[in-house]
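Worksheet for the structure shown next.
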Amino acid sequence: MWRDLKVLAEKSRGRGIASLFGAGRAADFSVEADGLFLDYSKTAIDSNARSALVALVDQCGVPERREAMFTGAPINQTEDRAVLHTALRNLSGGPVVVDGADVMPGVLRTLARMKSFAGMVRSGAYHGAGGSFTDVVNIGIGGSHLGPDMAVRALSPYADGPRCHFVSNVDGADISDTLARLDPARTLILVASKTFTTTETMTNAATARKWMAAGVDNPGAQFVALSSAAEKAAEWGIDATRVFGFEDWVGGRYSIWGPVGLSLMIAIGAEAFTDFLLGAEAMDVHFRTAGAGRNMPVMLALVGLWHTHACGYATRAVLPYDQRLGRLPAYLQQLEMESNGKSVAMDGHRLSHPSGPVVWGEPGTNGQHAFYQLIHQGTAIVPCEFLVAARGHEPQLAHHHTLLVANCLAQSEALMQGRDLDTARVLMQEKGFSGPELERQARHRVFPGGRPSTTLIYDLLTPYRLGQIIALYEHRVFVEGVVLGINSFDQWGVELGKELANAIAPILKGSVPVDAKDGSTRQLVKFVQAHREGPAS
């Protein structure tokens with residue numbers, strides 16, 4: 001199937017994207033879903049290519065696999081687990097059965113407990129040794145950090161609870177800089193680790209407990225465990241009423257919808273958090289019911305597969321024109337690259353085609369003054385995914401938002417249209433250049449054009465809209481994984497480095513000899529050991 005798509009992609013190379021625009025193309029190559037609008041018309045996909053892409057959905061069994069996911073089948077086959085983050089936002093409460101038992105009563109009970117606890121923290125009914133909590137520190141890593149950090153920043157206009165801070169890096173600078181400006185007597189610590197054993201998280205948590213114990217008589221009372229390991233949490237002095245567990249069918253990078261989202265709920269309140277869940281649930285319903293050609297997650301996935309596998313573009317830039325979505329590219333890096341960064345198919349054989357692309361990005365307009373030079377005139381083609389709201393949360397600064405949106409729309413137009421040499425020559429003539437220097441200057445001002453982009457546009461970044469957007473990308477990853485024939489829900493590539501780190505730590509301390517390591521590692525260890533003490537030069 002990839003061969004046929006590559007043939008179609010090759011035919012499109014000599015044809016500019018702009019040349020595809022006839023009557024009705026923009027509307028035909030767009031999808032709307034409950035207030036989200038996705039325009040993929042600024043790509044080289046034509047009707048023939050789209051038909052071939054849409055045919056993959058049935059050929060690869062996407063509908064069957066989708067239904068298996070939503071109904072609790074163990075589609076994570078390397079770990080024999082269901083994949084049911086969608087159950088966490090199934091607010092209708094319809095049954096979802098795993099191993100013969102409906103999981104929804106437990107999901108809804110946990111959500112009710114979260115709402116009750118968040119309400120007590122926000123009201124001051126549950127407080128620290130020094131009074132109402134002014135600050136909440138979420139300690140986690142990976143999905144237990146990137147999701148809530150991204151969402152709290154994104155929804156800051158709705159935040160009327162304690163200030164939220166996020167610590168993830170085992171580098172002591174992270175926890176030190178965060179705690180330095182806080183009052184331990186009025187700080188609540190959330191420790192997000194399903195097993196309560198994650199090395200980075202528990203190292204930071206231990207440091208936070210020591211910091212709090214220096215100023216609080218009962219530090220355990222100001223800790224919350226977002227974990228299924230209730231016994232381990234109890235050893236920390238965390239009462240069972242402050243332990244919020246989640247099942248193994250919720251992967252870390254899909255966990256923002258449940259207990260890992262507690263910091264977001266404390267920040268914005270239970271009502272706004274419910275709207276966040278409702279937005280995701282609406283996208284779930286759309287994903288399950290819309291036909292492939294009008295299904296937003298499906299079409300976003302097919303556009304991505306076209307660019308990566310038919311056109312051979314190795315990276316994808318996510319460019320939110322929204323400062324509050326500044327952490328979205330990093331969130332999607334994990335969601336997409338940890339999910340689909342595989343080299344082995346579901347059956348254990350090596351893939352004969354590329355897997356997922358490299359995902360990166362930065363908010364506009366900042367990125368325009370950093371890497372857009374490469375996007376517009378570099379030799380590598382980078383498909384771009386723009387996101388922008390029609391209006392902002394600052395009506396008194398509407399002129400700022402007008403300029404922001406204008407830049408977003410202009411960038412996608414410029415990538416498509418480009419500027420040819422003749423136009424560049426005229427511009428240089430107008431600036432007074434002539435002869436060979438005119439030609440030289442003009443060539444520097446040529447933009448190849450024909451560079452693809454999509455634009456996701458919506459009215460305003462609300463909790464509901466953010467829920468839709470995150471669920472949209474989750475389902476996009478799912479569809480791409482099914483078409484690629486891989487398991488998007490394990491992450492064995494994360495494990496080897498962790499195992500080796502555990503072996504190197506005692507070597508650095510000098511309790512284990514370094515001799516068994518390779519020459520490079522030996523010399524690096526010796527350098528560290530030689531420079532651990534004393535002032536920097």
Side-chain angles (χ1 to χ4, degrees), residues 17 36-44 146-147 149-157 166 300 303-304 307-308 311 313-337 356-394 397-419 444-458 460-461 465-466 469-470 472-473 476-477:
I17 294 173
L36 288 187
F37 190 83
L38 173 67
D39 181 335
Y40 64 96
S41 62
K42 291 191 184 82
T43 69
L146 288 166
D149 184 21
M150 178 273 296
V152 166
R153 295 185 192 213
L155 298 179
S156 60
F166 296 88
L300 188 60
V303 171
H307 287 147
T308 303
C311 301
Y313 305 146
T315 79
R316 172 189 298 159
V318 178
L319 308 169
Y321 274 67
D322 189 321
Q323 181 65 22
R324 294 189 174 101
L325 285 178
R327 292 293 286 165
L328 182 66
Y331 175 78
L332 294 181
Q333 278 181 341
Q334 189 204 18
L335 179 63
E336 299 200 32
M337 295 168 70
V358 174
V359 177
W360 57 285
E362 183 75 11
T365 57
N366 292 8
Q368 292 177 200
H369 297 268
F371 51 78
Y372 277 46
Q373 168 63 45
L374 182 147
I375 289 175
H376 280 288
Q377 289 186 309
T379 55
I381 295 178
V382 180
C384 295
E385 298 185 354
F386 296 97
L387 298 91
V388 68
R391 67 182 190 274
H393 285 279
E394 295 76 27
L397 299 176
H399 60 295
H400 280 253
H401 200 76
T402 297
L403 187 58
L404 179 76
V405 176
N407 271 272
C408 180
L409 302 186
Q411 290 298 326
S412 68
E413 182 182 13
L415 286 166
M416 178 180 71
Q417 297 282 13
R419 178 192 291 153
H444 282 281
R445 289 159 175 82
V446 170
F447 291 73
R451 303 203 163 188
S453 68
T454 63
T455 301
L456 182 69
I457 194 164
Y458 40 93
L460 181 71
L461 187 63
R465 293 283 178 248
L466 183 65
I469 290 168
I470 297 173
L472 165 65
Y473 276 94
R476 183 253 194 97
V477 166

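Residue indices begin at 1 and follow the sequence shown.
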Passing option when Phe386 is tested against Thr454, Leu319, Asn407 for side-chain contact (heavy atoms from CB on, under 4.5 Å) | Leu319
Rounded to the nearest 0.5 Å, what's the gap from OH on Tyr458 to CG on Leu36? Could you check?
-> 8.5 Å
So which heavy atom on Leu300 is nearest to which on Glu385, and how close?
-> CD1-OE2, 4.3 Å
Straight-line distance of Ile457 CD1 to Tyr321 OH, nearest 0.5 Å = 13.0 Å
Locate the shortest heavy-atom distance separating Leu461 from His393; write the atom from each residue and the value.
-> O-NE2, 2.9 Å
Nearest 0.5 Å please: distance from the CG atom of Leu466 over to the CG atom of Leu155.
-> 5.0 Å
Mind checking whether Ile375 and Leu415 have side chains closer than 4.5 Å, heavy atoms only?
-> yes
Should Pro383 and Thr308 count as side-chain neighbours, where that means a heavy-atom distance under 4.5 Å?
-> no
Between Val446 and Arg419, what is the shortest heavy-atom contact and its length?
-> CG1-O, 3.3 Å
Leu332 side chain near Val477 side chain, heavy-atom distance below 4.5 Å = no
Find out whether Pro320 and Pro329 are in side-chain contact, i.e. whether some heavy atom of one side chain is under 4.5 Å from a heavy atom of the other.
-> yes
Please name the pair of heavy atoms, one in Leu146 and one in Ala330, separated by the smallest distance, quoted to 0.1 Å.
-> CD1-O, 4.0 Å
Answer yes or no: is there a donor N or O on one side and an acceptor on the other, between the side chain of Gln333 and the main chain of Val359, under 3.5 Å?
-> yes
Is any side-chain heavy atom of Trp360 closer than 4.5 Å to a side-chain heavy atom of Phe371?
-> yes
Cut-off 3.5 Å, side chains only: do His376 and Gln411 have a donor facing an acceptor?
-> yes
Applying side-chain contact (heavy atoms from CB on, under 4.5 Å), run through Thr365 and Leu404 and close with a yes or a no.
-> CA-CA 7 Å; Thr365 57; Leu404 179 76; 4.3 Å; yes
On a heavy-atom basis, the closest approach of Gln377 and His444 is NE2-O, 3.1 Å
Least distance between heavy atoms, Ile17 atom then Gly450 atom | CD1-O, 3.4 Å
For Leu387 and Asp322, run side-chain contact (heavy atoms from CB on, under 4.5 Å): C-alpha distance rounded to whole Å, both residues' side-chain angles, the deciding distance at 0.1 Å, then the answer.
-> CA-CA 8 Å; Leu387 298 91; Asp322 189 321; over 6 Å; no
